[in-house]
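Note sheet for the following structure.
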Amino acid sequence: MNFSAFIFKQRSSIPKYIVVLSAASGGASLVAYADSKPADENPTRKKKVVVLGTGWGGTTFLRNLDSSQYDVQVISPRNYFAFTPLLPSVTCGTVEPRSIVEPIRRILEKKKGNIKFWEAECFKVDPKNKKLYCRSNIGTNLDGTGEFLVDYDYLVVAVGARSNTFNTPGVVEHCHFLKEVEDAQRIRRSVMDCFEQASLPNISDEERRRKLHFVIVGGGPTGVEFAAELHDFVSEDLSRLYPAIKDLVNISLIEAGEHILTMFDKRITEFAEHKFQRDGIDVKTGYKVVAVGPDSIKMQKSAVGEVQVPYGMAVWSTGIGTRPFISEFMKQIGQGSRRVLATDEWLRVPECEDVYAVGDCATINQRKVMEDVSAIFKVADKDNSGTLTIKEIQDVLDDICVRYPQVELYMKSKQMSDIRAFIADAQGDEKKESIELSIEEFKKALANVDSQVKFLPATAQVASQQGEYLARCFNKMKEAEEHPKGPVRIREPGRHRFRPFRYQHLGQFAPLGGEQTAAQLPGDWISIGQSSQWLWYSVYASKQVSWRTRMLVVTDWMRCFIFGRDSSCI
């Protein structure tokens with residue numbers, strides 16, 4: 001009997017095959033039907049990584065990610081990366097806006113693999129089904145809505161934050177913000193409009209004074225740096241171009257706290273306040289803005305009461321707030337009562353599988369030692385004796401310090417050299433090797449450790465380090481599954497795949513105008529003056545993401561030094 005075989009492949013997203021065996025002489029036939037494995041079970045399929053945002057966290061992640069291992073898709077409403085620390089320089093023409101931006105596609109073209117970018121914004125996350133609802137800002141689809149759906153295997157949320165108005169009436173309608181390049185451009189045009197309007201012949205001196213009163217609300221680094229840049233712009237450039245009204249200019253810096261630059265060393269704070277006083281910048285500390293009108297600001301101070309100050313232009317720089325999209329996402333996952341999206345020490349969003357968050361949109365919720373003290377005791381007590389010896393504690397101390405960095409910070413703050421000093425107050429004579437701690441004594445030794453838990457500042461430096469850390473984790477994901485290198489798991493057997501994220505503070509700058517910059521570097525190293533200004537120049541130039549922007553920024557500084565700042569209203 002001769003058989004012939006025919007194989008038919010059914011057209012489908014999941015390949016299916018039908019095998020037909022027929023006998024040429026007897027007419028008998030056998031039909032076999034089989035399904036192949038679904039595409040999702042294909043071990044060779046690359047995991048899809050979707051990145052939301054092209055700020056410091058998202059861009060640093062993309063630059064360091066081994067994109068050959070993943071199918072990468074980037075979604076952001078802006079198609080460029082902006083070097084935000086130089087935004088105050090853009091407001092006064094010291095640096096041009098295009099000098100500090102790098103098109104995101106130019107960054108992605110240097111990466112391996114097929115990376116897609118879509119200029120759109122995500123307005124909803126479905127973490128259960130791993131889907132994103134997005135909307136294009138530059139066009140519409142055939143339905144006229146501009147909306148589309150994106151699925152993911154891993155999601156990296158790096159959408160940044162918006163300015164926090166604290167629900168103060170009139171801020172959104174009448175104040176400028178300084179978070180984006182477009183904000184800096186609007187401020188630059190507004191400054192020049194105030195000078196041009198004050199030069200008109202048909203307005204009174206009182207109106208001229210109002211037009212030339214520039215108010216900055218917020219005494220943090222951004223507000224202080226903008227005030228310094230504006231003062232230099234007025235004194236070095238505009239005073240020559242508008243000699244008739246130069247003496248009417250007034251710059252006010254309003255801060256609700258008792259001092260400006262509170263995150264810096266007190267020496268820098270005092271120097272900045274004295275320098276601004278000498279320069280004629282009116283620093284009003286202890287004032288809380290309660291309302292902003294179209295031409296006046298209402299503020300109050302306990303010792304003075306409520307006062308109303310006329311202004312020509314106001315810039316609001318009082319911190320960051322959560323974007324509406326993140327607020328809705330937080331409500332979905334049970335974080336609606338928080339002010340910012342919480343992640344664990346590995347930058348993972350709890351209760352969401354394979355969702356990570358970096359940058360200003362999130363904060364690390366460092367787990368407390370006292371929440372896990374019983375589990376830590378159980379892991380350390382390997383002989384199940386009910387007590388811990390010096391050796392048993394020493395064996396797990398390194399893992400505890402990695403998992404709970406507040407332990408190491410506490411020991412340093414108390415100048416404790418070893419574990420014996422750490423438990424000395426808990427029990428017995430620390431010179432004896434046979435010291436044993438019960439669970440209650442162990443809790444007593446750790447009782448004050450959690451006081452050292454610190455929250456990370458919302459800065460470009462933090463976001464950049466988080467993006468770099470997360471990229472390293474993604475690059476070693478497969479290797480870490482087989483050979484985990486993290487600390488011992490406290491509540492489960494085995495080890496964590498990676499070591500937790502640890503922020504390394506590299507220092508901070510505060511440009512104060514007049515070629516004077518304050519620098520605070522690790523090791524309590526403080527420098528104020530022109531030498532710090534040159535250090536600021538070199539660091540900010542080196543941190544640019546490309547040689548193109550690096551050369552443009554340096555050229556802008558040279559142009560400003562030789563020819564001055566551009567005062568056109570473009």
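Hydrogens, waters and symmetry mates are skipped; everything else that's a heavy atom, side chains included, is used.
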Mind listing the side-chain donor-acceptor pairs of residues 528-535 below 3.5 Å, one per line with the distance, residues two or more places apart or on another chain?
from: Ser532; atom 1: OG; to: Ser527; atom 2: O; distance (Å): 3.1
from: Ser532; atom 1: OG; to: Ser527; atom 2: OG; distance (Å): 2.5
from: Gln533; atom 1: OE1; to: Thr517; atom 2: OG1; distance (Å): 2.2
from: Gln533; atom 1: NE2; to: Tyr537; atom 2: OH; distance (Å): 3.2

Under the side chain to side chain contact (heavy atoms under 4.5 Å, CB included) test, residues paired with [X] that sit two or more places apart:
{"X": "Ser99", "answer": "Val95, Glu96, Leu552, Val553, Asp556"}
{"X": "Ser199", "answer": "Tyr242, Ile245"}
{"X": "Asp183", "answer": "Phe177, Lys179, Glu180, Arg186"}

For [Y], does its backbone N or O pair with a side-chain atom of [X] as donor and acceptor, under 3.5 Å?
{"X": "Arg550", "Y": "Ser542", "result": "yes"}
{"X": "Asn475", "Y": "Asp66", "result": "yes"}
{"X": "Lys46", "Y": "Ser68", "result": "yes"}
{"X": "Thr91", "Y": "Ala184", "result": "no"}
{"X": "Arg565", "Y": "Gly93", "result": "no"}
{"X": "Arg348", "Y": "Tyr356", "result": "no"}

Which atoms form the tightest heavy-atom contact between [X] and [Y], and what is the distance?
{"X": "Val101", "Y": "Arg548", "value": "O-NH2, 2.7 Å"}
{"X": "Cys361", "Y": "Ala158", "value": "SG-CA, 4.3 Å"}
{"X": "Thr322", "Y": "Ser327", "value": "CG2-OG, 3.5 Å"}
{"X": "Met192", "Y": "Ser568", "value": "CG-O, 4.1 Å"}

Quick one: pull up [atom1] in [X] and [atom2] in [Y] and give me the separation to the nearest 0.5 Å.
{"X": "Ile187", "Y": "Met313", "atom1": "CD1", "atom2": "CE", "value": "6.0 Å"}
{"X": "Ser76", "Y": "Leu52", "atom1": "OG", "atom2": "CG", "value": "8.5 Å"}
{"X": "Asp265", "Y": "Asp524", "atom1": "CG", "atom2": "CG", "value": "6.0 Å"}
{"X": "Arg188", "Y": "Ser567", "atom1": "CZ", "atom2": "OG", "value": "8.5 Å"}
{"X": "Arg106", "Y": "Ile104", "atom1": "CZ", "atom2": "CD1", "value": "12.0 Å"}
{"X": "Ile260", "Y": "Glu273", "atom1": "CD1", "atom2": "CD", "value": "5.0 Å"}

Let's go through Phe233 and Phe214 carefully: what are the C-alpha distance in whole Å and the side-chain angles of both, what is the deciding distance for ring-ring contact (aromatic ring centres under 6.0 Å, His included) to 0.1 Å, and is it a yes or a no? CA-CA 13 Å; Phe233 188 28; Phe214 302 97; 9.6 Å; no

What donor-acceptor contacts under 3.5 angstrom involve side-chain atoms of residues 500-507, with partners at least two apart or in another chain?
from: Tyr503; atom 1: OH; to: Gln461; atom 2: OE1; distance (Å): 3.4
from: Tyr503; atom 1: OH; to: His505; atom 2: ND1; distance (Å): 2.9

Short side-chain donor-acceptor distance under 3.5 Å, Thr84 and Trp56: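 On atom types as modelled, these side chains qualify, holding a pair under 3.5 Å.
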
So, are Lys275 and Asp279 salt-bridged, with charged N and O less than 4.0 Å apart?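 Asp279 and Lys275: salt-bridged.
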
Intermediate values then yes/no, side chain to side chain donor-acceptor pair (under 3.5 Å), Glu229 and Thr94: CA-CA 8 Å; Glu229 282 280 353; Thr94 307; 2.9 Å; yes

Kindly determine whether Phe498 and Tyr469 satisfy ring-ring contact (aromatic ring centres under 6.0 Å, His included), including the steps that lead there. CA-CA 10 Å; Phe498 307 103; Tyr469 163 83; 7.4 Å; no

Would you mind writing out the side-chain donor-acceptor pairs for residues 114-126 within the sub-3.5 Å range, not counting sequence neighbours?
from: Asp126; atom 1: OD1; to: Lys128; atom 2: N; distance (Å): 3.4
from: Asp126; atom 1: OD1; to: Asn129; atom 2: N; distance (Å): 3.4
from: Asp126; atom 1: OD2; to: Asn129; atom 2: ND2; distance (Å): 2.7

Taking everything shown except Lys111 itself, do over 12 heavy atoms lie less than 6.0 Å from its NZ?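 For Lys111, atom NZ is crowded (more than 12 foreign heavy atoms under 6.0 Å).
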
For Val224, which of Thr269, Val283, Ile281, Leu261 qualifies under side chain to side chain contact (heavy atoms under 4.5 Å, CB included)?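 Among the candidates, only Leu261 passes.
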
Can you label the angle between the Trp536 ring and the Trp557 ring as parallel, tilted or perpendicular, going by 30° and 60°?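 Trp536 and Trp557: tilted rings.
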
Taking the side chain as C-beta and beyond, is there a heavy-atom pair between Pro221 and Met263 under 4.5 Å?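 Yes, at least one pair of side-chain atoms sits under 4.5 Å.
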
Would you say Lys130 and Val355 make side-chain contact, with heavy atoms under 4.5 Å?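 In short, these two side chains do not touch, never coming nearer than 4.5 Å.
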
